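So the structure is just underneath, and the comments pick up after that.
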Protein chains: 2
Amino acid sequence: MAIVDEMVCFALYSASRATTRAYTELLSPWQLTYTQYLVLVVLWNEGSKPVREIGEMLQLDSGTLSPLLRRLENKEFIRRERSQNDTRVVNVELTEQGSALRKELAHVPEQIACGTGLLDIQSAREYLDTLHQITEQMQKLPIKIQPTN
Amino acid sequence: MAIVDEMVCFALYSASRATTRAYTELLSPWQLTYTQYLVLVVLWNEGSKPVREIGEMLQLDSGTLSPLLRRLENKEFIRRERSQNDTRVVNVELTEQGSALRKELAHVPEQIACGTGLLDIQSAREYLDTLHQITEQMQKLPIKIQPTN
DNA sequence: CACAATTGAATTGTGTACAACTTAAAATAA
DNA sequence: TTATTTTAAGTTGTACACAATTCAATTGTG
């Protein structure tokens, strides 16, 4: 059984990489990576957001986000502005160009949907549940001794 | 539906990263990454193999493998030797230490199995099938015009 | 044989991931 | 209020992942 689980992990790793490649290929005319696209999706759906909240939603830390946001800023899809209330916080907002991308990239979800090969919403949702369960369980592994200081 | 498919892609990406983190945490006493572990698994199961074949099995190219193998060689878990027949080919073989790791790391699959939360072989296999299907489909995306030169 | 095309591995360059650290600012406690 | 702690973002360093290129060796073809 343990060997099958390791096969599941490898399959997960392979499927994730294949998916990232497919996205990046689709997004190549805009010179966007999958992770950059994810940040844009967050902003399209949620509006301006501080770096920390984007990080929470995508489970990415500032070590990943800071340089990524700098690149999105250089491409002029986003702007970064320090918050007035709390100058530690940097708010990320879409530029005109960044907002316009939403329509330009409307074909991406459709294209990707062909790639999952999932036929009905029912099975897709069940699939999602299992993936969420794996993510949650893996985040608990390995069972660490809680720091007590 | 397309939105659900994008959710599946993100869930895949999250689950894969959580899995890699769990492995790397488990492997940290040996200073091994998940990808390095995968290469060792290949060698434990298949014996010495040229770089190209390892790359085929893990779907990794020489740009990833060459530096990774150098690191495994520095740790003295593997050796690299140019083939006599075809000097383009580099064969990768386990060292004594590298072979010994197999027993030392026997606990890893068990630990990881707890992390998938998959209860029976039946559902695990079904899950595997779907992951393979996604990987295959994604590799076909986007439908590219075949170069005709 | 000669030469063009292909192959195997390595290298270079870009972009994540992520741990560990730094710095400044804000919240809390003493 | 001062001192301590916590928090937000950025920086540094390591290691994939992968496209593109290089180089040498081999294979194929005329």
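Computed from a predicted model, the values in this text were never measured in an experiment. Numbered from 1 within each chain, the chains take letters A, B, ... in sequence-line order.
OP1 or OP2 of C:dA26 sits under 4.0 Å from a side-chain N or O of A:Thr87. Between B:Arg21 and the phosphate of C:dA17, there is no side-chain N or O to OP1/OP2 separation shorter than 4.0 Å. In terms of phosphate contacts, A:Thr20 brings no side-chain nitrogen or oxygen within less than 4.0 Å of OP1 or OP2 of C:dT16. Under 4.0 angstrom from either OP1 or OP2 of D:dC16 there lies no side-chain N or O belonging to A:Tyr13.
Counting to the nearest Å, the P atom of C:dG15 and the CG atom of A:Leu60 are 16 Å from each other. Atom pair A:Gln59:CD and C:dA19:P shows a separation of 11 Å (rounding to whole Å applied). Put simply, CG on B:Asp61 is 13 Å from P on C:dG8, counting in whole angstrom units. Atom CZ in A:Arg17 sits roughly 10 Å away from atom P in D:dA19 (whole-Å rounding).
Scored by the side chain to side chain contact (heavy atoms under 4.5 Å, CB included) test, B:Thr95 finds B:Arg79, B:Gln97 as partners (sequence neighbours excluded).
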Base versus backbone protein contacts along nucleotides 3-15 of chain D [heavy-atom cut-off under 4.0 Å; B, S, -]
----BSBBB---S
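Annotation: the terminal axes of the helix from C:dC1-D:dG30 to C:dA30-D:dT1 meet at 10°, where each axis is the rotation carrying the C1' atoms of four end pairs onto the next four (5 pairs per end, rounded to 10°).
Ring geometry for B:His107 against B:Trp30 counts as tilted: the plane angle lies between 30° and 60°, on a 0 to 90° scale.
The backbone N or O of A:Asp120 lies less than 3.5 Å from a partner atom in the side chain of A:Ser123, making a donor-acceptor pair.
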